[in-house]
Protein chains: 2
Amino acid sequence: MESLLQFRYMIERYAPLAESEWEAIAEKASLRFLKRNQPLISLGEACDKLWFVTKGLIRYYQVDRDLEERTTCFSWEGHFATPFSSYLKSTPSYEVLVALEQTEIVEIHREDITAFIETIPAVNSMYRQVLEEAFLQMEHLNFSLQHRTATERYNTLILEEAPELLQRVPLVHLASYLGISPETLSRVRAKISA
Amino acid sequence: MESLLQFRYMIERYAPLAESEWEAIAEKASLRFLKRNQPLISLGEACDKLWFVTKGLIRYYQVDRDLEERTTCFSWEGHFATPFSSYLKSTPSYEVLVALEQTEIVEIHREDITAFIETIPAVNSMYRQVLEEAFLQMEHLNFSLQHRTATERYNTLILEEAPELLQRVPLVHLASYLGISPETLSRVRAKISA
DNA sequence: AACTTCCCTTGACAAAAGTCAAGAAATAGC
DNA sequence: GCTATTTCTTGACTTTTGTCAAGGGAAGTT
């Protein structure tokens with residue numbers, strides 16, 4: 001499917017768009033292509049764009065005190081990708097977003113999106129609801145991290161809820177996302193398949 | 001301070017309210033008082049109200065498979081309190097909100113708030129920004145749970161960022177919130193003060 | 001195809017955290 | 001002020017997870 005259209009359908013999942021509204025949005029939206037391992041935003045850059053992934057997969061990570069990369073999140077086709085704190089507060093990003101695969105992205109400047117949120121009800125509604133859903137997702141992840149063992153987290157967060165990540169993300173990064181070492185993840189997997 | 005006014009100030013932190021707008025809101029808002037240990041919402045109840053705490057402290061927990069209470073969150077004066085999933089989706093709540101102290105709350109029906117979000121720009125703006133801030137908070141908690149040890153979590157999440165909880169919340173619940181056993185928390189504290 | 005790099009697993013051991021049980025200390029409620 | 005209850009700590013032990021190190025295998029690049 002044409003990539004811009006994917007973004008239109010995303011908005012219209014929440015409320016219909018008038019043709020003129022869509023044209024206004026499409027005019028401000030541009031496409032961006034990333035190669036494997038290419039960063040979408042690097043450490044310390046400020047982010048003034050909103051991104052929507054139409055193809056491919058983005059990994060989020062922070063560089064920790066010990067210089068290790070700590071993976072915090074993934075975004076793939078059909079989802080937004082943004083270093084949210086930097087986007088909202090116009091501060092240097094402490095997280096890096098990098099493509100794990102060839103990735104295609106719809107990009108819109110924050111000022112344009114902000115304007116659309118004010119003027120286009122469908123965008124307002126979409127923005128609010130995407131935020132609400134992301135919040136619930138996050139609550140879910142939180143509970144898992146607070147109160148579940150490594151094995152349980154792997155089972156629910158990966159095997160049940162995002163099995164496609166297994167094919168697309170190196171296990172080191174999944175381990176980091178689950179808050180465990182790669183070796184522990186390896187053993188968890190060995191025990192399950194035994 | 002008069003409690004309803006606290007709620008008004010909350011909204012006006014984000015954008016000014018016309019007097020007529022505030023009157024419309026005040027008319028729909030009511031006060032509610034909870035004694036220590038009194039639930040604000042119980043397991044399986046659906047939530048169709050939004051709550052704002054003006055005095056006191058609310059603990060959130062879920063009852064797990066092993067019948068243990070897993071604490072997930074706290075809300076105190078100046079913050080909203082809501083079983084967000086139940087509130088948004090009108091589904092039975094899987095979390096319980098209970099007062100840890102004598103607590104005073106501003107209550108507004110969801111339909112009224114929804115209407116105000118549509119019609120009063122300040123409420124729209126406040127709602128969106130409170131959600132955004134809560135999301136950032138959650139990201140922060142998440143990172144801590146994913147990538148920090150028990151001791152580090154206690155240091156940052158409690159000692160640095162919410163020390164007043166120490167005086168107000170039994171350590172069992174703080175331990176659960178940090179994703180560790182009460183014994184471990186006790187040892188962490190012993191090691192720190194040594 | 002050969003080479004390099006990255007990825008994953010496994011073993012041995014160390015460290016961190018959980019569990020069970022007992023008792024001390026603090027607190028709520030009368 | 002007293003009592004019953006809750007809360008917190010500590011010890012001994014178990015389980016889980018992390019760390020270090022080595023090796024095999026897959027995948028990307030030239």
Side-chain angles (χ1 to χ4, degrees), chain A residues 34-38 56-57 59 61 64-71 74 98-103 144-159 165-194, chain B residues 34-38 56-57 59 61 64-71 74 98-103 144-159 165-194:
Chain A
L34 299 172
K35 294 197 184 117
R36 208 173 114 78
N37 293 326
Q38 190 179 339
L57 176 56
R59 174 171 79 101
Y61 70 85
D64 214 337
R65 297 179 290 240
D66 57 4
L67 303 184
E68 285 296 309
E69 297 181 356
R70 309 287 180 195
T71 297
F74 302 96
V98 62
L100 283 179
E101 311 170 348
Q102 276 209 22
T103 295
S144 206
L145 290 164
Q146 275 173 330
H147 304 298
R148 295 282 179 254
T149 65
T151 308
E152 292 171 318
R153 294 205 292 276
Y154 175 70
N155 274 323
T156 60
L157 298 177
I158 309 296
L159 287 187
L165 290 186
L166 269 183
Q167 318 306 324
R168 302 171 70 179
V169 178
L171 295 181
V172 218
H173 300 143
L174 288 185
S176 180
Y177 176 71
L178 294 172
I180 59 181
S181 69
E183 292 92 338
T184 296
L185 178 54
S186 189
R187 287 177 185 120
V188 161
R189 285 162 51 81
K191 202 172 266 178
I192 287 175
S193 62
Chain B
L34 299 172
K35 295 198 183 112
R36 208 175 113 78
N37 294 326
Q38 190 179 338
L57 177 56
R59 173 171 78 102
Y61 69 85
D64 213 337
R65 297 179 289 240
D66 57 4
L67 304 183
E68 285 295 309
E69 297 180 356
R70 309 285 180 196
T71 297
F74 303 95
V98 63
L100 282 180
E101 311 171 347
Q102 276 209 22
T103 295
S144 206
L145 291 164
Q146 275 172 330
H147 305 296
R148 294 282 179 256
T149 65
T151 308
E152 292 171 319
R153 295 205 292 276
Y154 174 71
N155 274 324
T156 60
L157 298 177
I158 308 295
L159 288 186
L165 290 186
L166 269 183
Q167 319 305 323
R168 302 171 71 179
V169 178
L171 294 181
V172 219
H173 299 145
L174 288 185
S176 181
Y177 175 71
L178 294 172
I180 59 181
S181 69
E183 293 92 338
T184 296
L185 178 55
S186 189
R187 287 178 185 118
V188 162
R189 285 161 51 80
K191 201 171 268 178
I192 286 176
S193 63

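The chains referred to below are lettered A, B, ... by the order of the sequence lines, with proteins before strands, and numbering in each begins at 1. All values derive from a computational prediction rather than experimental measurement. Only this structure's heavy atoms are used, side chains among them; waters, hydrogens and symmetry mates stay out.
The side chain of B:Arg189 places an N or O atom within less than 4.0 Å of a non-bridging phosphate oxygen (OP1 or OP2) of D:dT9.
By the side chain to side chain donor-acceptor pair (under 3.5 Å) test, A:Arg187 pairs with no residue at all, sequence neighbours left out. The side chain to side chain donor-acceptor pair (under 3.5 Å) test applied to A:Thr149 returns A:Glu152, not counting sequence neighbours. Looking at residues two or more places apart in sequence or on another chain, you find no side chain to side chain donor-acceptor pair (under 3.5 Å) involving B:Arg153. For B:Arg168, the salt bridge (Lys or Arg N to Asp or Glu O under 4.0 Å) partners at least two apart in sequence or on another chain are B:Glu77, B:Glu101.
Less than 4.0 Å separates DNA chain C from at least one heavy atom of each of the following residues of residues 171-181 of chain A: A:Leu171, A:Val172. A heavy atom lying under 4.0 Å from DNA chain D marks the following residues of residues 146-157 of chain A, by number: A:Thr149, A:Ala150.
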Return the polar atom pairs (N/O with N/O) between nucleotides 11-13 of chain C and the protein under 3.5 Å, or none.
residue : atom : partner  : partner atom : Å
C:dG11  : N7   : A:Arg187 : NH2          : 2.8
C:dG11  : O6   : A:Arg187 : NH2          : 2.9
C:dA12  : N6   : A:Arg187 : NH2          : 3.2

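Taking 4.5 Å as the limit, some side-chain heavy atom of A:Leu159 sits within range of a side-chain heavy atom of A:Leu166. Annotation: side chain of A:Arg59 is in contact with side chain of A:Glu69 (closest heavy-atom distance under 4.5 Å).
Sorted pairs that involve residues 169-178 of chain B and meet salt bridge (Lys or Arg N to Asp or Glu O under 4.0 Å), not counting sequence neighbours, are lacking altogether. Applying the salt bridge (Lys or Arg N to Asp or Glu O under 4.0 Å) test to pairs two or more places apart or on separate chains, none has a residue in residues 171-185 of chain A.
Closest approach of A:Ser144 to A:Thr156, counting heavy atoms only: OG-OG1, 4.0 Å.
Taking atom NZ of residue B:Lys191 and atom P of nucleotide D:dG11, one finds them 13 Å apart after rounding to whole Å. If you take CD1 of B:Ile192 and C1' of C:dA16, they are 15 Å apart, rounded to a whole angstrom. For A:Glu68 and D:dT19, the CD to C1' distance is 12 Å, given to the nearest whole Å. Between the CZ atom of A:Arg59 and the P atom of C:dC6 there is a distance of 13 Å, given to the nearest Å.
Note: B:Arg189 CZ to B:Ile158 CD1 = 10.0 Å, rounded to the nearest 0.5 Å. The CG atom of A:Leu100 lies 9.5 Å from the CG atom of A:Leu165; values are rounded to the nearest 0.5 Å. Atoms CD and CG, from B:Gln167 and B:Leu57 in turn, are 12.0 Å apart once rounded to the nearest 0.5 Å. A distance of 12.5 Å separates OG1 in A:Thr103 from NZ in A:Lys35, rounded to the nearest 0.5 Å.
Taking five base pairs at each end of the helix from C:dA1-D:dT30 to C:dC30-D:dG1, the local helix axes there meet at an angle of 70°, rounded to 10°.
The listed nucleotides are D:dT10, C:dT9, C:dC8; the one nearest the side chain of A:Ser186 is C:dT9.
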Throw together a table of side-chain donor-acceptor distances under 3.5 angstrom for residues 172-181 of chain B, partners on residues two or more places apart or in other chains.
residue  : atom : partner  : partner atom : Å
B:Ser176 : OG   : B:Thr71  : N            : 2.8
B:Ser181 : OG   : B:Thr184 : N            : 3.2
B:Ser181 : OG   : B:Thr184 : OG1          : 3.0

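With a 6.0 Å radius and a threshold of 12 heavy atoms from other residues, nucleotides or ligands, B:Gln102 has its CD atom at or below the threshold.
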**OP:** With side chain to side chain contact (heavy atoms under 4.5 Å, CB included) as the test, would you mind laying out the steps for B:Arg148 and A:Asp64 before giving the verdict?
**Re:** CA-CA 10 Å; B:Arg148 294 282 179 256; A:Asp64 214 337; 2.8 Å; yes
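Nearest-nucleotide positions on DNA chain C place A:Thr184 closer to the 5' end than the other of A:Thr184 and B:Leu185.
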**OP:** Go along nucleotides 22-30 of chain C 5' to 3' and tag each nucleotide: B for a protein heavy atom under 4.0 Å from its base, S when only backbone or sugar atoms are that close, - otherwise.
**Re:** ------S--
